[in-house]
A.B. asks: 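Dropping a structure here in structure tokens format, bear with me for questions.
Just so we're on the same page: letters track the sequence lines, and every chain starts at 1. For the numbers below, each heavy atom of this structure counts, side chains included, while hydrogens, waters and symmetry mates do not.
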Amino acid sequence: LLYTIKFEPMLAPDENSIRVRPISSELSVLSNCDGSARVKQGNSSVMVGIWGPVDVRPAKEDPERCVIETTVKAATGHGSPLDAMLEEALKLTCEQMVILTAHPRTSIQVIAHIESEDGSVVSVMQNALCLALMVAGIPMKSMFGGVTCVELESGELAWDPTADEEEESIAKFSFVYESGARHVVHVQSTGESTVEQQLLILQKGRQVVGEVFSFYRESFEKLLRKDVKYQMMLPPIIKGEVLDSLVEPQG
Amino acid sequence: MREVPLSLNSSEFLTSVLREGLRPDARGGYDYRDIKITFGSQWGHAEVMLGNTRVLARVSTTVAKPAPSRANEGALFFNVHLSPMSSSKFNGARSDFSTVVTRLLERTIKETRVIDTECLCIVAGEKVLNLRVDITLLDFAGNVIDACCIAAMTALSHFRRPDFIVNGDEITVFSDKDRDPIPLSVLHVPITCTIGFSGERILVDPNHEEESVMDGYVSIATNTHHEICYIYLGGGVTLTPALVSKCCEISSLKTQEISGQITRSLDEDLATRRKAGTDRPAAISSLTLQEKLDRLYVEDRTNKREMLQAEDEVETATFGSITIRYIDEVDTVDDSGVAVLSGQPSADVSQTITNTSTQEEESFPGF
């Protein structure tokens, strides 16, 4: 099943208007694994595939909870320590957000492929991970979404930066928020910045991540439009024609 | 994670069906599944779907010292990764099958000299551009070999390498923003065709069910000049020479179709990029305002009049072989489109009006 959605983001009516690149997703893209999602933000594209819950070697299994195994592969070139960092980031997010005790003695395998890199790959990957986990039907405490922000030399903030903006930046922050109270689940930062600036970005990020969550909702509504069980659950929409047919024929 | 094998019932049913000459997805014995080719935003990023089998290919370059035995050639390196997300069969480590596919691609593409690697030489013996093709299997539904080969050839045909200059001892490799990258010179296009065998029956492009019950397969790489580039026998069957000949002919036919499809999709992608202005960003950004307006003029003739009226200072528009000056009086326009001027041209008008020899151009708007 392939559903591609193009989302034109609204600018937040703020003094520093926040520009986020158009985001699109394809859910349930792969035919073999349990859950898969591909998310594109601008020219950055990440594909995440999830197998889970599946069996795990006895040496690795945990009698009380599910074990998360993550693999991240970059677009080009040999593997690098950066991949290991990203794997760790995905694993930490999963361990926070997935209800691990629901599936003891099993493992969930997360495989992420960076198809093309054009900035804010970390948050694109986290978004794809959340969508893939939902498609795979793995129980989670809530949804989660990632945003990246860079601070440029002029002191300006650039949200959802491209690779060029990331190169020119002096500091880069990636926050992952959970969708309830929008608490921070994961932080990744590089560069030099002040504490005040970081807190400001953290607060503003809560607004920006709202765009991501409403996009998740749209993606899933489109995916479920073809699902018969879901359609039957919806309240019936009374249209003009339906009302007419309920009226008894005259004479 | 263990692979779930096909049940006895399923495999027996499939084998009997295949031996009768039917295929579970109602294809003919010589039919390929649908091939879809899409490109990413960067040059050399191609994704190919052969039915449900999905392969991603990325081409990249690095500057390195060449091997001493090939001092004036760039190297071509293939890396095939069968991702665990594609199937529970693959656990991410290098398996026999991934080695088979990598070796097949090397033999088909590198050893038959598809890419002119001498163009990649910067300074002989010192610096060359090494090409690296990273192929990732994202989804497995049978016939990985063909999908990987189509993806690799498409990505290499799509890729553009960085431009470089050698000034004595100084080497400058330009980024894509400074100078437009240059396409590789692809000398021929070999495409593999995998043919499975079940009893007496031929199954071209076997899907994953057919692969699990077939006796064996052969992969034959041919190019559009009807030359055989590589034959790989996958084991399990012995073939008569007549059968090998027949398979080579099938492969040749399929190569014509598939390479035609690759060319069409490359042209479509280039047209999309031209429209968006992303095909030659460095060249476009270095144009002056005059030249940018000229490009718009040639591409959008219907809006030309309004645009030039808005830009009063633009008196001339030039693009390639079209040079037009706007003058007040023109007597006639003869057959080839050359305007005959009546009186003495004014001091500003120094060139006659010429026309490119396209048949669509009937009259110049504005006259």
A.B. asks: Taking side chain as everything from C-beta outward and backbone as N, CA, C, O, which of these in A:D164 sits under 4.5 Å from a heavy atom of chain B? Side chain, backbone, both or neither.
C.D. replies: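 For A:D164, the side chain is the part near chain B, not the backbone.
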A.B. asks: For residues B:D134 and A:T76, report the shortest heavy-atom separation together with the two atoms involved.
C.D. replies: OD2-CA, 3.3 Å
A.B. asks: Please state whether the side chain, the backbone, both or neither of A:S31 comes within less than 4.5 Å of a heavy atom of chain B.
C.D. replies: both
A.B. asks: I need the B:T136 OG1 to A:K73 NZ distance, nearest 0.5 Å.
C.D. replies: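 Reported value, rounded in 0.5 Å steps: 9.0 Å.
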A.B. asks: Check each atom of B:S86 against the heavy atoms of chain A and say whether the ones under 4.5 Å are side chain, backbone, both or neither.
C.D. replies: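 Backbone only.
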A.B. asks: Which atom pair, heavy atoms only, marks the closest approach of B:M85 to A:V48?
C.D. replies: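 Residues B:M85 and A:V48, closest heavy atoms: CE-C, 4.4 Å.
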A.B. asks: Assess whether atom NZ of A:K141 is packed by more than 12 heavy atoms of other residues, nucleotides or ligands within 6.0 Å.
C.D. replies: yes
A.B. asks: Relative to chain A, which of B:R58, B:H81, B:R132, B:E47 shows the most heavy atom pairs under 4.5 Å?
C.D. replies: B:R132
A.B. asks: Select, from B:G92, B:G40, B:S83, the one with the greatest count of heavy-atom pairs under 4.5 Å involving chain A.
C.D. replies: B:S83
A.B. asks: Do other residues, nucleotides or ligands put more than 12 heavy atoms under 6.0 Å from B:D267 CG?
C.D. replies: yes
A.B. asks: Are the side chain of A:W51 and the backbone of B:P84 linked by a donor-acceptor contact shorter than 3.5 Å?
C.D. replies: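 Flag set: sc A:W51 to bb B:P84 pair under 3.5 Å.
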A.B. asks: Check the surroundings of atom CZ in B:F13: do more than 12 heavy atoms from other residues, nucleotides or ligands lie under 6.0 Å from it?
C.D. replies: no
A.B. asks: Kindly compute the distance separating CG (B:L138) from CG (A:N32), expressed to the nearest 0.5 Å.
C.D. replies: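 The CG atom of A:N32 is 11.5 Å from CG of B:L138, to the nearest 0.5 Å.
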A.B. asks: Side-chain donor-acceptor contacts of residues 117-134 of chain A below 3.5 Å, not counting sequence neighbours, with atom names and distances?
C.D. replies:
from   : atom 1 : to     : atom 2 : distance (Å)
A:D118 : OD1    : A:A163 : N      : 3.3
A:S120 : OG     : A:R21  : NH2    : 2.8
A:S120 : OG     : A:D160 : OD1    : 2.7
A:S120 : OG     : A:P161 : O      : 3.2
A:S123 : OG     : A:S120 : O      : 3.2
A:S123 : OG     : A:T148 : OG1    : 2.6
A:Q126 : OE1    : A:T93  : OG1    : 3.1
A:Q126 : NE2    : A:T93  : OG1    : 3.2
A:N127 : OD1    : A:G146 : N      : 2.8
A:N127 : OD1    : A:Y216 : OH     : 3.2
A:N127 : ND2    : A:Q41  : OE1    : 2.9
A:N127 : ND2    : A:S123 : O      : 3.3

A.B. asks: More than 12 non-hydrogen atoms from neighbouring residues, nucleotides or ligands closer than 6.0 Å to CZ on A:R217, yes or no?
C.D. replies: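 Count not over threshold, so no.
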A.B. asks: Which atom pair, heavy atoms only, marks the closest approach of B:H45 to A:E115?
C.D. replies: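 B:H45 and A:E115 have their closest heavy atoms at CE1-O, 3.6 Å.
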A.B. asks: Could you report the tightest heavy-atom contact between B:D139 and A:L30, atom names first, then the distance?
C.D. replies: OD2-CA, 3.3 Å
